[in-house]
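The structure under discussion appears below in the form of structure tokens.
In what follows, chains carry the letters A, B, and so on, assigned in the order in which the sequence lines appear, proteins first and then strands, with residues in each chain numbered from 1. These numbers come from a predicted model, not from an experiment. All values below were derived from every heavy atom in this structure, side-chain atoms included, with hydrogens, water molecules and symmetry-related copies excluded.
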Number of protein chains: 2
Amino acid sequence: MSAPDAPDRTKHKTHAKVVNIKDVAARANVSVGTVSRVLANNETVGTALREKVTEAIRELNFRPSGVARGLRRSRTDMIGLVIPDITNPFFAELAKHVEAIASRSGFSVLLSITNEDPRIELNQIESLLKSYPTGLIVVPTQFGASEGWKSNVATVAVDRRFAGYPLISVDHAAGAGLAARHLLALGHRRIAYIAGPPEAPVSRERRNGFVDALAAEGVTPEILEGYFDYASGETLGRMLLDRAPGERPTAIATASDQQAIGLMRAANDLDLKVPQDISVVGFDDIPLAELITPRLTTIRQPVEQIAARAVALTTGTSPLPIDDELLEASLVVRNSTAARD
Amino acid sequence: MSAPDAPDRTKHKTHAKVVNIKDVAARANVSVGTVSRVLANNETVGTALREKVTEAIRELNFRPSGVARGLRRSRTDMIGLVIPDITNPFFAELAKHVEAIASRSGFSVLLSITNEDPRIELNQIESLLKSYPTGLIVVPTQFGASEGWKSNVATVAVDRRFAGYPLISVDHAAGAGLAARHLLALGHRRIAYIAGPPEAPVSRERRNGFVDALAAEGVTPEILEGYFDYASGETLGRMLLDRAPGERPTAIATASDQQAIGLMRAANDLDLKVPQDISVVGFDDIPLAELITPRLTTIRQPVEQIAARAVALTTGTSPLPIDDELLEASLVVRNSTAARD
DNA sequence: ATGAAAGCGCTAACAT
DNA sequence: ATGTTAGCGCTTTCAT
């Protein structure tokens, strides 16, 4: 007979009621403090209570609010990942491993894509910081001045240098050296190199590593500069290959697998056989490298290792280093390179 | 003598004081309420105060806490994006557009990768919900039972059906029909189809759409089933093509561009020319489709449109529909298909 | 070992 | 138009 649905007088009742820690405490007849301790796996909780709480949590299907937790601790269990381009297979691979490793440690990843635009990068980072992430992994834009923003968030740069933050990256120069010595070992002397944009430090490091390794044997490569994408590889490849047999290189190394694939396409169009007429080495070892015809010889970046270090440093698992960490690249020999006749 | 604003690399500051709304209020000699209103672009604030506040915000380099805001509103400006595999070019493209559109509306994206594992999917979603996202965009695992979890978060499924949630997707069947009619129009009659896994609804829809369109002309294709990846395309392609000329199909359609690329590789290995000896049509129009040799004729998914709808629905820009939304695919004719001799 | 209670930094209802 | 203030749901002292 009583009014079952008296008007709701509570103040902020705009949203659907969600089970909270108080409900759990009430259900288990304990204090919220105890529930919190159980959630934190705090040892000091007695077995009996711990059990009652666990039970209540299950019964009520309680999902602790990461937001409230984040506010209280002024830090959430998230890391920001800032990437120039997720459709680039190398970055996709990086994102995949970062997500997997982070999530294993209980962290979510906030993804930002900058499209290689320094202004967007700055905005996105500002925006990410509002969520109080524990750490920030940044692959900076290629040409950005990378303006300073400050925060007490553990930050690392990956692949490309970023302001004064520690850098986790493959040793680009040494990797390119591997490619150079491989071609040398196969007997090539007329060698060309398709580089990335000269303003990009990564590009310069790879190119210099390549050039230096060749110089050690007295060989000087012909160098063409472009972007890291397929299209550049194809265009520059055509310039290199559309010549009389005696004029064109017998081997070409590129600054990216994508360039190498574009280059192989150009070779194909010109009826040149890889590796019989021309040897090709890429850089990165993206998944596609072993799926094209012929399978691409390339320099492998230890992506998973890079991701693991970046996550460890930004989630506080490892203390932040002062120094950069350069990881080793390795040569993967497949079918796009052969000994010179 | 030292760098003026080198990023701070000190270990973990115990409690770095962060500027909050109260500091801003004090600095501007107004109440926190007024600052909050300025932040919210509330019209009711007088010009003079608004200016003082804006000034104080800049001076103090104030960055409002999204976490506190989220707690108060029990909803953060984030949307969760759950996808099976970010290295799949189609999903990478989807993620790129989702991120771009969401960020334009002031939303961050929380990325989860399920690796096609339904258990991980469930865990990840549970984990995402702790951050009180405004919405959830889910590309479910292919074979998952997709058990119910409930929350009051606006949720849409993309590409594949998910529990009872509205689906945003290309019209798979109609798209496959486009491919079928294209091959028919080129005069092909001995046609094969490389499908995806039969348990996957997407796979069935594409296959049925293809088969039905052919049936309308009295043609029955040979069908092989595999996965959506390169490797499957190559393996099944070899089975189809390694036969006497009279025995093998003159045209093959696939359920994905990746299969098509694998298939073209197999053709190449068997010294068969595409499109002279065999015509190939893919599905998706991934970026690589127009970069390989020959350029791939394929069915384009309107990825950006899909992303736009998904974001609009999950950020509350559009009201959630009851019904699914099927968007139109289109045929992109390039160089991998030709008229039968 | 457990409970009580004070905030974390905001928003929005209410008061002026 | 502006100020005041009560929470949002947790964690973490501080008592007991």
query: Say you draw a straight line from OG of A/S112 to CG of A/L136; how long is it, rounded to the nearest 0.5 Å?
result: 8.5 Å
message: Please report the distance, rounded to the nearest Å, between CD1 in A/I57 and C1' in D/dG9.
response: 14 Å
query: Roughly how far, to the nearest 0.5 Å, is CD1 of B/I137 from OG1 of B/T314?
result: 4.0 Å
message: Can you identify which nucleotide, out of D/dG9, C/dG3, C/dT11, has its nearest atom closest to the B/R69 side chain?
response: C/dT11
task: For A/K22 and D/dC8, give me the distance from atom NZ to atom P, rounded to whole Å.
output: 7 Å
- prompt: Does anything in residues 24-33 of chain A reach DNA chain D, meaning a heavy atom under 4.0 Å, and if so which residues?
  reply: A/G33
Show me the donor-acceptor pairs, under 3.5 Å and distance only, between side chains in residues 35-44 of chain A and residues at least two apart or in other chains.
unit_1 : atom_1 : unit_2 : atom_2 : d
A/N42  : OD1    : A/T44  : N      : 2.9
A/N42  : OD1    : A/T44  : OG1    : 3.0

statement: salt bridge (Lys or Arg N to Asp or Glu O under 4.0 Å) filter on B/R58, not counting sequence neighbours, yields B/E55
- request: Go through C/dT2, C/dT11, C/dC10 for me and flag the one nearest to the B/P64 side chain.
  value: C/dC10
Per-pair distances, 0.1 Å, donor-acceptor, side chain in residues 92-104 of chain B, under 3.5 Å, sequence neighbours excluded:
unit_1 : atom_1 : unit_2 : atom_2 : d
B/H97  : ND1    : B/E93  : O      : 3.2
B/E99  : OE2    : A/I113 : N      : 3.3
B/E99  : OE2    : A/Q124 : NE2    : 2.7

- prompt: What's the spacing between A/E116 CD and A/D85 CG if we round to 0.5 Å?
  reply: 7.0 Å
query: When you measure from every atom of DNA chain D, which of residues 41-55 of chain B have a heavy atom less than 4.0 Å away?
result: B/T44, B/V45, B/G46, B/L49
field: Between the first and last five pairs of the helix from C/dA1-D/dT16 to C/dT16-D/dA1, the angle of the axes, rounded to 10 degrees
entry: 40°
- prompt: Over how many whole Å does the gap from B/I21 atom CD1 to D/dT5 atom P extend?
  reply: 16 Å
- request: Check the distance between D/dT11's P and A/N20's CG and give it to me in whole angstrom.
  value: 12 Å
query: So which nucleotide from C/dT2, C/dG7, C/dT11 ends up closest to the side chain of A/T34?
result: C/dT2
- request: Write down the distance between CZ (A/R73) and P (D/dG9), rounded to a whole number of angstrom.
  value: 19 Å
statement: When rounded to the nearest 0.5 Å, the distance separating CG of B/L111 from CG of A/L111 is 5.5 Å
- prompt: In terms of the nearest nucleotide of DNA chain D, which residue is placed more toward the 5' end: B/Y132 or B/R37?
  reply: B/R37
message: Taking the basic N atoms (NZ, or NE/NH1/NH2) and the acidic carboxylate oxygens, is any pair closer than 4.0 Å for A/E126 and A/R119?
response: no
field: Distance (rounded to the nearest 0.5 Å) between A/L122 CG and A/S127 OG
entry: 11.0 Å
field: Rounded distance (nearest 0.5 Å) linking atom OG1 of A/T54 with atom CZ of A/F62
entry: 12.0 Å
- line: Quick note, B/L71 side chain, CB onward, closest among C/dC14, D/dC8, D/dC14 is D/dC8
- prompt: Which nucleotide in the set C/dA6, C/dG9, C/dT11 lies at the smallest distance from any side-chain heavy atom of B/L39?
  reply: C/dT11
query: Under 4.0 Å between a side-chain N/O of A/S36 and OP1 or OP2 of D/dT11, yes or no?
result: yes
- prompt: Going by an N to O cut-off under 4.0 Å, is there a salt bridge joining B/R69 and B/D77?
  reply: yes
- request: Could you check B/L110 against B/I79 for side-chain contact (heavy atoms from CB on, under 4.5 Å), going step by step and ending with a plain yes or no?
  value: CA-CA 6 Å; B/L110 267 172; B/I79 62 175; over 6 Å; no
